[in-house]
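Computed from a predicted model, the values in this text were never measured in an experiment.
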Amino acid sequence: GILDLNGTVQQVNILESRQSAVLARNDAHVGGGTVTNSAGTQATLAMAGSSSIFAGSIQGDIAVVRSNAANTSNDWNLYADQTYTGPTLYNGGRVVLNDTASLSGTSSIEISNATFLMTSSNNATEASNLTNRVNDAASISLRGGMFQFRSRAALYTTETFGAVTLGEGNSIIDFAEGATAIDQADATFLSLDRAAGSHATVRFLNIDATPNDDQRLFITTLNGVLTTNIGDGLTNNLIGGWATFEREFASYIPGQGVGG
């Protein structure tokens, strides 16, 4: 079915297609419902509630807000490409891009006291590679959020993200390769910085600064400086006292990425 927001603000408890993840994977191929906006002005879709699975697609000029009630944490599992072009706000709970799901059109993503996980299936090998699951131009703001990325099993995966800004609180960037013998993933941030006047901190987890069968994270511009040469964007060889790598202060080497 199709739900046309027609430029309005619509708040719902949950947006779902089926209860079963297996059936959701099937719906991703045959269609699991569509939310669209035919108006010339931006619409807003707001959700808050229990865990759910959505194999349909949100399309058009729509701002998407997903929240959780106080003292609760629930998952919203997506199984298809969400092509809407408005901003995204995750405020509590966890949003999971499963299998081939992506956010190919959103203009920005704010992760506020929430978790955003990009993952694949549980297969030992993947049927296809995915290298653009989030719009490269979408800015990402972390406000006490967890940003997680899991690469495709038995494949070399690359992913480019937009400008990443630490707004408030302590955030975690947790990127990891798969568990098979052959897998490697290289992710790239357009930039990484803290918002003006912010005391935000970040901890990097599971990232490797080695080239084989590992997960690397590259940053094009760090603290406002292009990372062309060793030491660019660093202070005393550190990203800053606000950034840690596992249990050490974080640093950066061009060609190797974020490390300790």
Side-chain angles (χ1 to χ4, degrees), residues 1-5 10 12-37 45-60 62-68 73-106 109 111 114-136 138 140 145-155 157-159 161 174-176 178-180 183 185 187:
I2 299 176
L3 172 62
D4 185 355
L5 298 183
Q10 179 66 57
V12 299
N13 187 32
I14 57 176
L15 181 66
E16 65 178 354
S17 299
R18 298 281 181 88
Q19 296 294 331
S20 165
V22 173
L23 291 175
R25 290 189 178 98
N26 293 333
D27 274 351
H29 297 287
V30 301
T34 301
V35 180
T36 188
N37 176 28
L45 176 64
M47 292 160 282
S50 59
S51 296
S52 61
I53 291 172
F54 182 57
S57 181
I58 304 172
Q59 305 173 5
I62 299 176
V64 174
V65 180
R66 205 271 177 170
S67 303
N68 266 191
S73 181
N74 299 297
D75 289 354
W76 187 35
N77 292 279
L78 303 176
Y79 284 88
D81 184 16
Q82 309 302 312
T83 62
Y84 64 89
T85 57
T88 301
L89 169 59
Y90 298 142
N91 184 26
R94 183 173 71 165
V95 176
V96 185
L97 298 185
N98 293 282
D99 292 353
T100 60
S102 59
L103 299 179
S104 62
T106 186
I109 302 172
I111 308 169
T115 297
F116 177 40
L117 168 62
M118 302 167 55
T119 187
S120 55
S121 69
N122 293 322
N123 298 329
T125 60
E126 299 290 346
S128 62
N129 204 354
L130 294 176
T131 59
N132 191 24
R133 303 188 71 185
V134 170
N135 179 12
D136 295 352
I140 299 174
M146 176 176 280
F147 185 19
Q148 295 181 296
F149 173 80
R150 298 293 181 263
S151 63
R152 311 288 285 180
L155 293 168
T157 302
T158 61
E159 185 72 38
F161 300 99
D174 173 19
F175 287 11
T180 57
D183 50 35

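With rounding to the nearest 0.5 angstrom, the CG atom of N68 is 11.5 Å from the CZ atom of R94. From Y90, atom OH reaches atom CE of M47 across 7.5 Å, with rounding to the nearest 0.5 Å. Distance CD/Q59 to CG/L3: 11.5 Å, rounded to 0.5 Å. With rounding to the nearest 0.5 angstrom, the OG1 atom of T85 is 12.0 Å from the CD1 atom of I58. Here CD1 of I140 is found 5.0 Å from CD1 of I109. Values are rounded to the nearest 0.5 Å. Considering CD1 of I62 and CG of L45, their distance stands at 6.5 Å, rounded to 0.5 Å.
You'll find the side chain of L15 reaches within 4.5 Å of the side chain of W76, heavy atoms only. With a 4.5 Å cut-off on side-chain heavy atoms, V64 and T106 do not count as touching. Using a 4.5 Å cut-off on side-chain heavy atoms (C-beta onward), S67 and V65 make contact. R66 places a side-chain heavy atom less than 4.5 Å from the side chain of N74. Put simply, the side chain of L103 reaches to within 4.5 Å of the side chain of Y84, judged on heavy atoms.
When all heavy atoms of A55 and A80 are compared, the pair lying nearest together is O-CB, 3.5 Å.
L78 pairs in a side chain to side chain contact (heavy atoms under 4.5 Å, CB included) with only one of the listed residues (L97, N98, D99), which is L97. No option in T115, V96, T119 other than T115 meets the side chain to side chain contact (heavy atoms under 4.5 Å, CB included) test with Q148.
Using a cut-off of 4.0 Å between Lys/Arg side-chain N and Asp/Glu carboxylate O, R150 and D174 are scored as salt-bridged.
Under 3.5 Å, the side chains of D81 and S102 contain a donor-acceptor pair of N or O atoms.
Using a distance-only test at 3.5 Å, with no hydrogens or angles considered, a donor-acceptor pair links the side chain of Q82 to the main chain of G56. E159 places a side-chain N or O within donor-acceptor distance of the main-chain N or O of V134, the cut-off being under 3.5 Å.
The aromatic rings of F147 and F116 sit parallel, their planes meeting at an angle under 30°, below the 60° perpendicular limit.
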